[in-house]
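The structure appears right after this line, and notes come after that.
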Amino acid sequence: MATEIDSLKEQNQSLNEDFRWHQMGNFSKYSSVQKVVCKGEGGDRFENLAFDQSFLAPLITEYDKHLEELNGQLKYYQKQVGEMKLQLENVIKENERSELSRQKLHTQELLSQLEIANEKVVENEKLILEHQEKANRLQRRLTQAEERAASASQQLSVITVQRRKAASLMNLENI
């Protein structure tokens, strides 16, 4: 699209330059028939081509028509380019909205997962506290049991010593 517009602009500029050259009176300096030298491809020269100025008016009129057509095409293409720019901007905005929506949805999913993870952490912390309390209770019971066992062991030792004394005394009495 842009290359077509550039091409039309170049063609328009070239035709305007030709028209200005004609308006400056280059053809009016000569009689109604002119000798023109044209260079062709490879430097070939074509001479003695004659133009009658009576043919110039229709050519200029045709040139003007062609110029108007080109200007119309240029305006049409410029309008199309403008419309395409607006459409492109709309597509970009829609893509941005879609991307934002996608990111928002992803963020919501992550927040939901985070909430679930936080709930599990709180639940696990409660379980850990319960287990620690249970372990502390068991430790206290173990300590109490050890103390009772030590006390019972002492009492047993005392009883054993007392029995031995009693047995010794009975042996002494029996003698």
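Just the heavy atoms: all of them, side chains too, but no hydrogens, waters or symmetry mates, feed the values below. For this chain, numbers begin at 1 and follow the sequence in order.
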Side-chain donor-acceptor pairs of residues 154-162 under 3.5 Å, sequence neighbours excluded:
unit_1, atom_1, unit_2, atom_2, d
S157, OG, S153, O, 3.0
T160, OG1, L156, O, 2.6

**Request:** Answer yes or no: is there a side-chain heavy-atom contact under 4.5 Å between R137 and R140?
**Result:** yes

**Asked** Does L88 sit in a hydrophobic cluster with other residues, and if so which ones, taking ILVMFWY side chains as linked at heavy-atom separations under 4.5 Å, directly or through other members?
**Response** I92

Please tabulate, for side-chain N and O atoms in residues 108-121, each donor-acceptor pair with protein atoms closer than 3.5 Å (sequence neighbours left out).
unit_1, atom_1, unit_2, atom_2, d
N118, ND2, L114, O, 3.4

**Any side-chain heavy-atom pair of E96 and E99 under 4.5 Å** = no

Donor-acceptor pairs are to be reported for all side-chain atoms of residues 65-73 against protein atoms at under 3.5 Å, with residues two or more places apart or in another chain.
unit_1, atom_1, unit_2, atom_2, d
N71, OD1, N12, ND2, 3.2
N71, ND2, L67, O, 3.4

**Item:** Separation of I128 CD1 from E125 CD (nearest 0.5 Å)
**Value:** 7.0 Å

**Message:** Does R97 have more than 12 heavy atoms from other residues, nucleotides or ligands lying within 6.0 Å of its CZ?
**Reply:** yes

**Item:** Value rounded to 0.5 Å, distance of CD in Q80 from CD in Q87
**Value:** 10.0 Å

**Prompt:** CD/E83 to NZ/K85 distance, rounded to the nearest 0.5 angstrom?
**Reply:** 12.5 Å

**Complete:** CG (L142) and CD (E147) are apart, to the nearest 0.5 Å, by 10.0 Å

**Counterpart residues, side-chain hydrogen bond (donor to acceptor under 3.5 Å, both in side chains), relative to E133 (two or more places apart)** = none

**Item:** Atom pair OG (S101) and CD (E94), whose distance is rounded to the nearest 0.5 Å
**Value:** 8.0 Å

**Asked** Quick one: NE2 on H106 to CD on Q103, what's the gap to the nearest 0.5 Å?
**Response** 9.0 Å

**Prompt:** L105: which other cluster members, linking ILVMFWY side chains closer than 4.5 Å, directly or transitively?
**Reply:** none

